Amino acid sequence: MTTHLPHPRAGGAAAPNAAGEDPHRSLHSQTGPRPGEHPGRSSNPLVKVVGLAWLEFEKPDLDRAGRFGTDFGFTVADRTTDTLLLRARQAGTACLLIRRGPRPRFVGPAFAAADRDDLDRLARGTGGTVTVHRGGRAVLLRDPSGFPVRVVHGVPELPALPGRLPLPLNFGSGPARVNAAQRPDRQPAQIRRLGHVVLGTTRFGAALDWYLDTLGVIVSDFLYLDGQRDRGPAMAFIRCDLGGVPADHHTLAMILQPQTGYVHSAYELTDLDEVAASGEYLRERGHRHAWGLGRHIQGSQIFDYWRDPDKAMFEHYADGDVFDCTVEPGWAPLSRSGLAQWGPKATAEFTGTNDPRLVVAAIKALAEAGNEVDLRTLRGLIKAMSS
Ligand SMILES: [Fe+2]
């Protein structure tokens, strides 16, 4: 078990923005960092990745995975006996690579490098090797949680597919829609792109520093366990550092919890009507709803969460925040009620607190050496999920 304060990389107070305002009050969070807290970025990262390329899963039944995938809004890009590639509408690599495996499991994420030289830099810095992978090049790393993490470059991209446009809305002054009715179709979503992945880990602090130092990603928001801020953050929403180019509020999020594993991944839709109407379609098709609709606080997305037949959670979202590199981390307490600005209360189906394996995982985590989960952590997480 480790505690995180004072953090050796020492953050300072939030700098005022150009308008002279504290960005954490006006923009996205209750407070900024206190002196000595984790700064949320590395001073000298090995590289700066530019996004998520894809996520890899194993599943025993690829037909079943394909049925959920197309109902959820993906398009099948390729299918063999042992692999299923599911893609979004924007140009890019297929965002889900599903291999046939004996049991359903998340394997790991692949991040996109800005250029080929970054793979050499990563290989030199981590003792890894650059290999040919899916028609491009890749370095295979392992994060402190144990996830295999690929960083890829030059993998051939699929061309864009036509997708729906935002509905013309008669909001504000001047109607955008005259002599025409609004009739959003109750049909599968047309997923624009992969947005983010959320991972749970028993080694949160080590994994956080590894991603910042190795992949050059930066923190948008930290959440701490209420009453335990002095022990450092327990959750981080992490974006790519694209300099002055706005990046999604989070491409990766990680939370300290008793069990290391996949929490959910999220896919961007065009607008609120698409999130709602495609959810109705999933409901009619008998899929399992987890939580929504609502609007998040960290990232501000309009969200709706579903579970696939293997209970892996997938999120539809629209209208998320984008930050450039100037925005410093916000700090707020983790709580169930703090997960959304509006919408139904977060369900046990979403938080995972209805999973009977949780107690066993907690006991195991307490007994296991080298992780960051102790009794105070568990008490803090229980308090957060009931507040
Ligand atoms: Fe999410």
Side-chain angles (χ1 to χ4, degrees), residues 2-18 22-24 27-29 31-52 109 111-128 139 141-145 147 149 151 153 196 199 201 203-224 229-256 298 322-332 372:
T2 56
T3 52
H4 307 299
L5 259 193
H7 197 277
R9 295 195 286 203
N17 63 20
D22 175 350
H24 303 102
L27 247 181
H28 73 294
S29 183
T31 62
R34 292 172 180 163
E37 286 187 321
H38 198 299
R41 59 183 72 191
S42 171
S43 56
N44 189 25
L46 267 177
V47 301
K48 291 183 179 182
V49 294
V50 294
L52 262 179
F111 291 88
D115 60 52
R116 170 70 180 78
D117 291 348
D118 283 351
L119 299 187
D120 293 327
R121 200 166 295 122
L122 275 172
R124 275 198 307 274
T126 62
V139 178
L141 311 171
R142 192 166 289 273
D143 78 10
S145 306
F147 291 108
V149 176
V151 181
H153 186 265
H196 61 260
L199 303 175
T201 173
R203 288 161 168 78
F204 171 82
L208 171 68
D209 287 345
W210 184 87
Y211 277 97
L212 306 190
D213 289 337
T214 312
L215 303 189
V217 286
I218 57 180
V219 175
S220 297
D221 275 292
F222 279 129
L223 300 182
Y224 55 88
R229 182 166 175 168
D230 60 332
R231 303 178 83 203
M235 184 166 190
F237 295 86
I238 303 167
R239 69 186 185 277
C240 293
D241 179 355
L242 307 181
V245 176
D248 288 338
H249 174 274
H250 52 283
T251 289
L252 169 69
M254 285 192 298
I255 183 166
L256 175 62
Q298 280 78 23
V322 290
F323 290 174
D324 66 22
C325 69
T326 64
V327 179
E328 287 194 66
W331 285 74
E372 300 168 21

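Quick note: residue numbers are just sequence positions, from 1. Heavy-atom basis, side chains included; hydrogens, waters and symmetry copies ignored. Note that the coordinates shown come from a computational prediction; the quantities given were computed from them, not determined experimentally.
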(message) Quick test of your reading: applying salt bridge (charged side-chain N to carboxylate O under 4.0 Å, His left out), list the pairs with at least one residue in residues 242-254, sequence neighbours left out, ordered by first then second residue.
(response)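 Pairs touching residues 242-254 that pass the test: Arg193-Asp248.
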
(message) Please enumerate all residues that pass salt bridge (charged side-chain N to carboxylate O under 4.0 Å, His left out) together with Asp143, with sequence neighbours excluded.
(response) none

(request) Check salt bridge (charged side-chain N to carboxylate O under 4.0 Å, His left out) between Arg124 and all other residues, then give those that pass, not counting sequence neighbours. (result) none

For the student: nearest non-hydrogen atoms of [X] and [Y], plus distance:
X      : Y      : answer
Leu122 : Thr126 : O-OG1, 2.7 Å
Leu223 : Gln298 : CD2-NE2, 3.5 Å
Pro144 : Ala206 : CG-O, 3.6 Å
Glu328 : Pro33  : OE1-CG, 4.0 Å
Cys240 : Ala247 : O-CB, 3.4 Å
Phe323 : Ser220 : CD1-OG, 4.0 Å

(request) With sequence neighbours excluded, tell me which residues meet side chain to side chain contact (heavy atoms under 4.5 Å, CB included) with Arg116. (result) Leu119, Asp120, Val130, Arg137, His153

(message) The criterion is side chain to side chain contact (heavy atoms under 4.5 Å, CB included); which residues satisfy it with Ala253, sequence neighbours excluded?
(response) Val198, Met235, Phe237, His250

Taking C-beta and beyond as the side chain, do [X] and [Y] meet within less than 4.5 Å on heavy atoms?
X      : Y      : answer
Leu199 : Tyr211 : yes
Pro109 : Val149 : yes
Pro233 : Phe204 : yes
Val151 : Val47  : no
Thr201 : Leu208 : no

(message) List the residues meeting side chain to side chain donor-acceptor pair (under 3.5 Å) with Thr251, not counting sequence neighbours, and say none if there are none.
(response) none

What distance separates [X] [atom1] from [Y] [atom2], expressed to the nearest 0.5 Å?
X      : Y      : atom1 : atom2 : result
Phe111 : Leu141 : CZ    : CG    : 10.0 Å
Asp209 : Arg203 : CG    : CZ    : 14.5 Å
Leu252 : His196 : CG    : NE2   : 10.0 Å

(request) Would you sort out whether Val217 and Leu212 count as a side-chain contact (heavy atoms from CB on, under 4.5 Å), showing the intermediate values? (result) CA-CA 5 Å; Val217 286; Leu212 306 190; 4.1 Å; yes

Using modelled atom types only, decide if a donor and an acceptor are shared between the side chain of [X] and the backbone of [Y] within a distance under 3.5 Å.
X      : Y      : answer
Arg41  : Cys325 : yes
Arg239 : Asp324 : yes
Glu372 : Leu256 : no

(message) Could you go through Glu37 and Arg229, starting from their C-alpha distance and side-chain angles, then the distance that decides it, and tell me whether this counts as side-chain contact (heavy atoms from CB on, under 4.5 Å)?
(response) CA-CA 9 Å; Glu37 286 187 321; Arg229 182 166 175 168; 2.7 Å; yes

(message) Parallel, tilted or perpendicular: which one describes the rings of His38 and Phe222, with boundaries at 30° and 60°?
(response)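 Judged by the thresholds at 30° and 60°, the geometry between His38 and Phe222 is perpendicular.
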
